Colleague: 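Quick one: the structure is below, and I'll ask about it shortly.
All chains are named by letter (A, B, ...) in the order of the sequence lines, taking the proteins before the strands, and each is independently numbered beginning at 1. Everything quoted here is computed from the prediction, not taken from an experiment.
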Protein chains: 2
Amino acid sequence: MADVAAMAGVSSQTVSRVANNRSNVEAETRRRVLSAMRVLGYRPNTAARALVTGQFRTLGLISFGFSRFGNARTVDAVIKVAQRAGYTVNMISIESQTERAVHDAFDQLRLQAVDGIVLVEAQTLDTPALRLPPGVPVVMADGDVSHRHPTVDTDQALGARLVTRHLLELGHRTVWHVAGPEDSYAARRRTASWHDTLKEAGAPVPPVLFGDWSAASGYEAGRHLLNRPEVTAVFAGNDQMALGVMRALTEAGRHIPGEISIAGFDDIDESGFFSPPLTTVRQDFDVLAEQIVSLMLGQIETGEAPSATAFVAPRLIVRASTGAPPPAGRR
Amino acid sequence: MADVAAMAGVSSQTVSRVANNRSNVEAETRRRVLSAMRVLGYRPNTAARALVTGQFRTLGLISFGFSRFGNARTVDAVIKVAQRAGYTVNMISIESQTERAVHDAFDQLRLQAVDGIVLVEAQTLDTPALRLPPGVPVVMADGDVSHRHPTVDTDQALGARLVTRHLLELGHRTVWHVAGPEDSYAARRRTASWHDTLKEAGAPVPPVLFGDWSAASGYEAGRHLLNRPEVTAVFAGNDQMALGVMRALTEAGRHIPGEISIAGFDDIDESGFFSPPLTTVRQDFDVLAEQIVSLMLGQIETGEAPSATAFVAPRLIVRASTGAPPPAGRR
DNA sequence: GATCCTTGTGTTTACGTAAACATCAGGGCA
DNA sequence: TGCCCTGATGTTTACGTAAACACAAGGATC
């Protein structure tokens, strides 16, 4: 920086002003400084800048691996949006979802000096009232709304309602449900909404089967469903479990959707090519990420935590895995 | 830090020594300082530390989105290994795979001050001899070996060989291939190895069909294959394309593996639950990540770039989508 | 017993930047 | 004409840390 100042014949402070795009620099001076910067290949030192300003233009992101489709997509989208806003993303991936692990991750990020922290899939924590160390802006993605931090999430309830209604409208007497793990807030909301939608429609509410989001757990659930000849429609908490259910049924010679209709949630890239292609719910992760980052930047700038909760609407994608129930005689 | 020094009755330099775990501090003094640090909730300021040392304990990672299974798994594993080594990972996600975009990402990471940069799936670049700005250690994951940077990758050739041989040994006269995009180095190596394996076995080499890794492109390829009654075995470049091929065949009433055998590459989480479950090749991303990070840290410490190329061996996973060819009469 | 090395500690300094304050020239206004 | 305000720029300082150097005390070596 000193070299640039010398070459341009100005003080280092003026160079700083140009580097930060301040207004009060004469056009001619600015031009000289910029050209000197280019010639010398000057690039501002982030560490020194951060030392003075206390700002790092970096966001921390804590996530629980990429195996859940929604997590991977959310992380990817947040990174891209943050980049556009001139922020870099510092990632931490946690194996176990204990409060302790989250705290450690939090500590590490604060050591690494980030301006704010995004917590993806925060709901799977032991403690619903997670106490995070104060002093850093936080935004929860896909988290429990009761938290004291701003939260952004897909409208899980709406998604589950869309699927359930779709199946009822096809003529099914009721819809069975393979839920995600009980400690997942997203899973709980999907399940609650499925339950409410059935109630509203006056349909009987069958017992819930629980899975863990994996295709294997869906397969298990599917094996159970085989013993219930009255089942004609199944809503799985995500596409992987739907795939597992389909596999179990197909293996047993059941025809989908002729005998049983199956629907999922997420619309992973492969869903359109399952046998048969899967009816599911698509989330808009790009919009989700926009909201997350904008809430975060707002907090960083104002220093205040809005208690806002933003919901992003999902969309029903109808494919070949759902259809009318078989005629009563064949059940 | 000054407060800690005052409370412990030592100089700030001694506090610094304790914080950095230097040896030359008396046990008693160390104890006093540590307790003072705890009481005051002291945490070292990364920016100041980086300003002095020029080290950030941060790795930059450039990746092309998470849609490719291998990328997502590699990124996740690298993050976890880096964390264990006390490094944080700063991620950049690029949409288009042009040299220009990579350069921009590189610049941004250097601004954010990282100690080294990992480039995931570097092979899809326009220029095989990518010229990266010097001065920062680089490790390529899944990249062209001809580059001047150390590279770590799965042994793609071995994987393709395992699948192809497996199919030949089942009695198939030859094996068709749905390849990944031509600009992908991984795809090229899988294809080349498939080709060589057929040659070695004296089997005829059918024309290659190209896809873009997506299930949709696999479906396209599958439709083409339907016109070729002589096809009894297909090796798809990844599991998604294999799924697409299976979908096309199933739709047309073909039985897998009774009439046609299908194999993939990657072993994505869902592959075991396709209809039928998919024979495929599993890569060990954890080992891959270990190698990447260790090569990186080596470079950072010594300042020298080893021209090493490390290959990680994959493993064949045999499931129900492959079997003996149909008897000649039924072909 | 003198010299040297080692060990534990303190003092001074530099890292590169932006904030705070200081200065100076020129223009508007009474 | 004199005052004050504004805009462009320079000067000084602080940010929190670790490196470099200094120094004292004690033990080992000859």
Colleague: For residues A:Asn21 and A:Arg30, determine if any side-chain heavy atom of one lies less than 4.5 Å from a side-chain heavy atom of the other.
Modeller: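 Yes, at least one pair of side-chain atoms sits under 4.5 Å.
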Colleague: Test: salt bridge (Lys or Arg N to Asp or Glu O under 4.0 Å). Region: residues 42-63 of chain A. Which pairs qualify, not counting sequence neighbours?
Modeller: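 Counting only pairs at least two positions apart or across chains, the salt bridge (Lys or Arg N to Asp or Glu O under 4.0 Å) contacts touching residues 42-63 of chain A are A:Arg43-B:Asp107.
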Colleague: Nearest whole Å is fine: how far is D:dA24 C1' from B:Glu26 CD?
Modeller: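 Distance, rounded to whole Å: 14 Å.
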Colleague: Take atom CG of B:Asn24 and atom P of C:dT6, then tell me their distance rounded to the nearest Å.
Modeller: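 Going from B:Asn24 (CG) to C:dT6 (P), I get 13 Å.
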Colleague: Can you check whether B:Thr14 has a side-chain N or O nearer than 4.0 Å to OP1 or OP2 of C:dG10?
Modeller: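 The answer is yes; a side-chain N or O of B:Thr14 sits under 4.0 Å from OP1 or OP2.
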Colleague: Identify, with sequence neighbours excluded, every residue that meets side chain to side chain contact (heavy atoms under 4.5 Å, CB included) alongside B:Ala85.
Modeller: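 B:Ala85 satisfies side chain to side chain contact (heavy atoms under 4.5 Å, CB included) with B:Tyr87, B:Leu297 once adjacent residues are dropped.
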Colleague: At how many degrees, to 10°, do the end axes of the helix from C:dG1-D:dC30 to C:dA30-D:dT1 meet when each uses five pairs?
Modeller: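 End-to-end axis angle for the helix from C:dG1-D:dC30 to C:dA30-D:dT1: 40°, rounded to 10°.
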Colleague: Among residues at least two apart in sequence or on other chains, which ones pass side chain to side chain contact (heavy atoms under 4.5 Å, CB included) with A:Pro137?
Modeller: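 Partners of A:Pro137 by the side chain to side chain contact (heavy atoms under 4.5 Å, CB included) criterion, ordered by chain and then number, come out as A:Met296, A:Gln299, A:Ile300.
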Colleague: Please name the pair of heavy atoms, one in A:Val78 and one in A:Ala289, separated by the smallest distance, quoted to 0.1 Å.
Modeller: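 Where A:Val78 meets A:Ala289 most closely, the heavy atoms are N-CB, 3.5 Å.
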Colleague: Return the set of residues passing side chain to side chain contact (heavy atoms under 4.5 Å, CB included) with A:Asp155 (not counting sequence neighbours), or none when no residue passes.
Modeller: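 Partners of A:Asp155 under the side chain to side chain contact (heavy atoms under 4.5 Å, CB included) test: A:Ala157, A:Leu158, A:Phe311, A:Pro314.
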Colleague: Are the side chains of B:Thr58 and B:Val114 in contact, using a 4.5 Å heavy-atom criterion?
Modeller: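 Yes, close enough: below the 4.5 Å cut-off.
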Colleague: Check the side chains of B:Asp76 and A:Ser93 for a donor-acceptor pair under 3.5 angstrom, ignoring hydrogens and angles.
Modeller: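 Checked: A:Ser93/B:Asp76 side chains pair up, N/O donor to acceptor below 3.5 Å.
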Colleague: Going 5' to 3' along nucleotides 14-20 of chain C, which nucleotides have protein heavy atoms under 4.0 Å from the base (write B), which only from the sugar-phosphate (write S), and which from neither (write -)?
Modeller: -BBBBBB
